Every structure is written in C-alpha cells, then in structure tokens.
2 protein chains.
Amino acid sequence: MVTIADVARHAGVATSTVSYVLSGKRSISPETRQRVNASVDALGYRPNASARALASNRSNVLALVIPLRADMHVPVLMQFAAAVVTSARRYDHDVLLLTADEGAAGLERIQQSSLVDAVVVMDIELHDERVPLLRGLDLPSMLIGTPLDSDGLTCIDLDFVQAAELCVDHLADLGHQDVALLGTPSAVYERQTAFAHRTLEGFRSAARRRGVHGVETPCEPTHEAVLKTVQELLTQEPGLTGLVVQNEPIIGPLLEVLRRLGRRVPEDMSVLAICADDVAEGQSPRLSSVSIPADEIGGRAVDLLIGKLDGLAPAPTTLVPAVLTARASSGPAPQPDRSTTA
Amino acid sequence: MVTIADVARHAGVATSTVSYVLSGKRSISPETRQRVNASVDALGYRPNASARALASNRSNVLALVIPLRADMHVPVLMQFAAAVVTSARRYDHDVLLLTADEGAAGLERIQQSSLVDAVVVMDIELHDERVPLLRGLDLPSMLIGTPLDSDGLTCIDLDFVQAAELCVDHLADLGHQDVALLGTPSAVYERQTAFAHRTLEGFRSAARRRGVHGVETPCEPTHEAVLKTVQELLTQEPGLTGLVVQNEPIIGPLLEVLRRLGRRVPEDMSVLAICADDVAEGQSPRLSSVSIPADEIGGRAVDLLIGKLDGLAPAPTTLVPAVLTARASSGPAPQPDRSTTA
DNA sequence: TTGAAAGCGCTAACAA
DNA sequence: TTGTTAGCGCTTTCAA
C-alpha cells in the first residue's frame, strides 16, 4: 500500500504539503503542486478512506435508505437510487445502502459509528415515524418525499399535487366531464405514502375547481385486478371518458383491458399517466403523461445534501414543478352517445 | 461523542480491555466483561467505524456492484441486493452500492482506498471483462453468476442449465414433443449474460436428449413484442404445445396473448416459467415454475464471502440446485388434432 | 509558501 | 486475566 508518506518522500516535500495539494485547502506553488501530482501519479497513490475519515471527521459516504416493500414499484425506486449514486460520485462520495426495515435503529447505528456524513431517505409517509428521529439526529438528511410536518427537515419531491392538477386540467380543457384516478395499490394509501396522497389531493381539488366529476380507486398490480377495477369503474361511471393512472406496472394491462372492452384510446377514453417518460413513450398509443424526473430529483437531493455538509442552509422543501407532455392517448371528450337516448 | 477511553474510564479498566470485550478476541473474566458491558450500555458507546477500520485494516463494509441496464429486470436484481444487505448485516457488515457503469475503475478505486473488505458482483457475462480484474484484485470477491473461465474466482448462481433441463423433462414426461424457450430480450443474449446463456444450453441439450423438438426465441418486454413473438412461434411451429419462459415482465402479457389467441393453459399449451415463486403464484392459472431463490443465493454469497475474509477457501463455484414446482399451468400434451387430417 | 508534529479513536502486539 | 503503548494513515494546527 502506498501512503501519503511515500508520496511526500518521492516528491521531496512534507506529508502536509501532499495533503494540501490534494485538498486544495491552502495555496501551493505551481512547481510544488506539479511535483506532488507527478509523484501521486507515479506511485498510483490513493488516500486511505478510513485514515482520512478519522482525521477529518468526514467519511465521504452518504447513506441511502431504500424501502423494500412489496407494494412499491421497484424500477422507479432504482431510478432514484441510481441518480443518487451517480450524483454522489460527482462529489467524490460513495453511497451506503440501508434497507428501510432496519428502520430507526439503522439510522442511529450509522450516525454513532460515524460511518456516513449524511443520509437520503426515500418513500416518505405523511406521518413518517422516522421524521422525529431524523429531526433529532445530528446527521444532515434529505427526504425524497414530503411529510406533513417537515419542520426542520429538508425535502424534495415532484409536485404531485400539481401533477394531478395538470392532468385534470388537461382533460377538462378537452371537454371531459367525468374522470377517474386509477391509483396505486391500496396499501400505499393506507400507509399514507406522501406521493400517492398528494396526487389524490391535487386530483380532488382540481376536479372541484373545474367542476368535473372525479372518482378515485386504488388498483393492485395484477391483470385480474386491472380488469375488475376498470369494469367496476365503467359500471359505476358509465359516462367516464378520462383516466389518470398513477401505477406504472398496470399501464400495459390497462391499455390491454380497454382494448378488450372495446374502448378506443383516445377516441372513447383519454388516458393520462404519471410515470417515467420512457414508459409513457413505450406504450401504444404513446401516452400523454406527467413525467417523474427521478434523475433530476435524485441528483438535486444530493446537491442539496452536499450543500448542507458545506454549511449551506437550503430551503426546507423543494417541489419540482410537474410537466405534462401531451402525446397520443388524450383527445377531445367524445360526444355523448345520443343514438340510444334519442 | 463517546469513545473507548470514556468507556474504559467509566468501567475502571484499560481501553484494550474494552476492545477485547467487544471483539471477544481474548478471554475476559466474567466480572470485567459485565462491568464493561454495563458501561457500554450506560454511555451508549459505539465504536467509531473509521478508527476501527484504520487500526484493524477491516472496514466491515462490502461492496455490491449492481447493473443498471435497461434490459435487466430490476425487481429480481433488487431481491438479490436486498438479500445481500440483510445477510451482510448479520455479520455486522454494511453494503456500499456501486453501479456497474463505474466499471473496473470503480473496483480499483474501492480497493485502493480500503473502503471495503470484499466485493459482490452481479450480472456476470460469459466473457465478463471484469473477471481478469477481479482475479488480479487483492480484494476477496464473489460473483453472482458464472463466467466461462472462473479460475481463481468464487461464483454462485442458480443451476440454470439444470433449470432448463427440468422444464424440458417435465414437458417431455407429459408427452410434449414440440416446445419453445421464450427467453430474455435479445440484448441479454448478445452480451452473453451467463444466466440466459446457461439456460439456453440446458434447454438445447435436454431437448436433444429427450428427442423433443425445441426452438428458442428472445423477447422484448412489451405487449406488442410478446404478441408478435408468440404469433411467429405458432406460425413456425404449429404443433407447439409447451412453452418455457425466462422473462419475468412478459409473463402477464404472455398469458393474456395466449388467451386472446384462444390457447387454453394448460389444455392447449403448457407454460413453465423460470421466475420467483411469488410471481408464478400470482398468475392465473398458477404457473408451474423453477424458482429463482434470490434470497438464498444472495445470502449464501455473503456467507461464502465472509468465510473468505476469515481465511476459508470456499469451493470455486456453487450451483444451487434448481427445483421445479408443478402448478396449474402444465399438463399432458393435447392429442394431435386429427379432425382436419383424417 | 512550506514543514513539523500532534492528534483522530481504535486494535493488537508486548509485558506483566 | 489485564494494562501499556505503539502505531494505523491522514488532516490540521502551529511555527517558521
């Protein structure tokens, strides 16, 4: 193993000089810098992470708390996780993976052992039990998701309220009077998961504001559940012409079911999704959607967290504006069928 | 922060005694042990990870290299990852997340900085470019997946050759003469990903051995692709009565397509899947399947890796035996339809 | 602009 | 069975 002393000897300087060249924390003459850098390269030196952490009280490691629940759609979680890792690397940080089932104990363990400098927590509930702990912890933290009481915490998420509003507005603008939110599995609502709850909220208020009739239903991610849910929806709401889906795995089955039931998209039924762009574009017809910019959110979460580590005090909650992209799955509301009533 | 010196003072012993009580590396009198443990609890002491790592040359952190490819089915990856994390925690280790796109550079960085004690690598290809590096690295490593040349490496995986063989045997035993392997997306074969390639191998050899006609086709994970692939298959192989699926996301669409094409499962078409048990049981009809025991494989990977860290030399490659569970989707081959030929 | 040296908190010889 | 102490490799004061 090559140490900082080896480099110092090789370059003919003191170890502190090598350290300062590497950290840039004090000015170094160009010649010295060059000589040191050359030695670093020649010897293939890389600082020992533990020694550095011990001396500087900074591990350059971020913890990522990721849920492993059966009801969560894993690919979306992984997109966030990947964004966090990629972004952390840009700040020369690594990411330690914590599963949410270790819970509060895991966070305390991590903090007390000084294993990580900060923590990113995903899958936040409105009344998340980890929130008080996080508030007390003296580790900087970043929540991806917004609890009801975010006092003293830093949160970031897509503005799901607005996401739902954009969907309802889009449908209302197209003349739809009767719309439904086809949501996440019911367990997600029961836990009061923030993103699902905020979406519901936005859906309801927008429907009220626009004077359209809106109903909501959860849906489990199986083909049978989709079929049953859609059939029930159509029975209870015969005039339904607009659907907002927030449930990635059922998107395929949903389109299939509509086809089978003879509802053309968008002629008979407009479908809007809240999902990743590539998922929306992979369907046929291509889905009008509000995208979930996991890369951006995960990336900014890390940016803000690193900022906190550097002493900045970021705004408590960042809501990333929702953007709706109209594609092929939404169109004007069909004329009410008068042939049977006339 | 409470240090080992605080504990030592509180208990009236030397710091080394505290250290030894905690590590169990030398015998301690019951009274001393008790006194030290009481002080540890009283003060809420937890060893500083960096100091421990620096002094002992062990970080108690494992790296997990996880692929983030579009063609991989993420939920399965996460099952492995979760198993690795859970299992690592049992050995008091944590898990550092590395994305595969950092590649060889990431592994070298991790090693040279002594950030981790060992590494678990997933998503192995037959000619994986990381294999030579891993061989040269002086970090213990564990591959989940089996490259062609695994000399000097430790690998573990489901016995996918046997998995395919079990499927073909099961179908052949039921009288099927004409079977197909509906595989992963073509990119997975093109990369020569080990699990897909091994399955193909087993499928071919078993078909040959049993004298049944076997064809193989990749399949992209979209509803359209499934429909097209199945139609082509049925056109080219009109006598097809058995299907082996190794492609989790298309299982739902596949059953749907078969239904739509008027093929009853299992009366007209037997379907076997190589997938997680809960996925197989979540379908209707419940699928006969060879399960992918991600928990077991991930767990044993860590067991073996910890063993290596403790100086044990494990067998180079562990193939977890495949187990086929017959459920409702496989049955006797239908009698050839003679009504049109007679 | 640079160097010397005191720790950071722990482990593991070495001693008793 | 326990204590003393020399490091582990780095950062950062303090001094020049």
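No experiment lies behind these values; they were computed from the predicted model shown.
- Expressed to the nearest 0.5 Å, how far CD1 of I124(B) lies from CG of L153(B) amounts to 8.5 Å.
- In this model, the phosphate group of dT2(D) is approached by a side-chain N or O of S29(B) to a distance below 4.0 Å at OP1 or OP2.
- Across the helix from dT1(C)-dA16(D) to dA16(C)-dT1(D), the helix axis at one end is tilted relative to the axis at the other end by 30° (nearest 10 degrees, each axis from five pairs).
- If you measure from atom CD of E31(A) to atom P of dT1(C), you get 10 Å, rounded to the nearest angstrom.
- What separates CG of L54(A) from C1' of dT11(C) is a distance of 12 Å, to the nearest Å.
- Ranking dG9(D), dT1(D), dA4(C) by closeness to the A14(A) side chain, first place goes to dA4(C).
- dC8(D) atom P lies 19 Å from atom CZ of R58(B), rounded to whole Å.
- Legend: residues meeting side chain to side chain donor-acceptor pair (under 3.5 Å) with D123(B), ordered by chain and number and at least two apart, are R69(B), R191(B).
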Each nucleotide of nucleotides 11-16 of chain D classed B (base within 4.0 Å of a protein heavy atom), S (only sugar-phosphate) or -, in 5' to 3' order, makes BBBB--
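- Between the side chains of T32(B) and S29(B), at least one donor N or O sits under 3.5 Å from an acceptor N or O.
- A salt bridge does not link R130(B) with E125(B): every distance from a Lys NZ or Arg NE/NH1/NH2 to an Asp or Glu carboxylate oxygen is 4.0 Å or more.
- Rounded to whole Å, atom C1' of dG7(D) lies 12 Å from atom CG of N57(B).
- In this structure, L133(B) CG and S141(B) OG are separated by 9.5 Å, a value rounded to the nearest 0.5 Å.
- A salt bridge links R9(A) with D6(A); the closest basic N to acidic carboxylate O contact falls under 4.0 Å.
- Here the options are D128(A), D149(A), D151(A), the test is salt bridge (charged side-chain N to carboxylate O under 4.0 Å, His left out), and the partner is R135(A); only D149(A) passes.
- You'll find the side chain of V116(B) reaches within 4.5 Å of the side chain of L139(B), heavy atoms only.
- In this structure, D6(B) atom CG and dC10(C) atom P are separated by 9 Å, rounded to whole Å.
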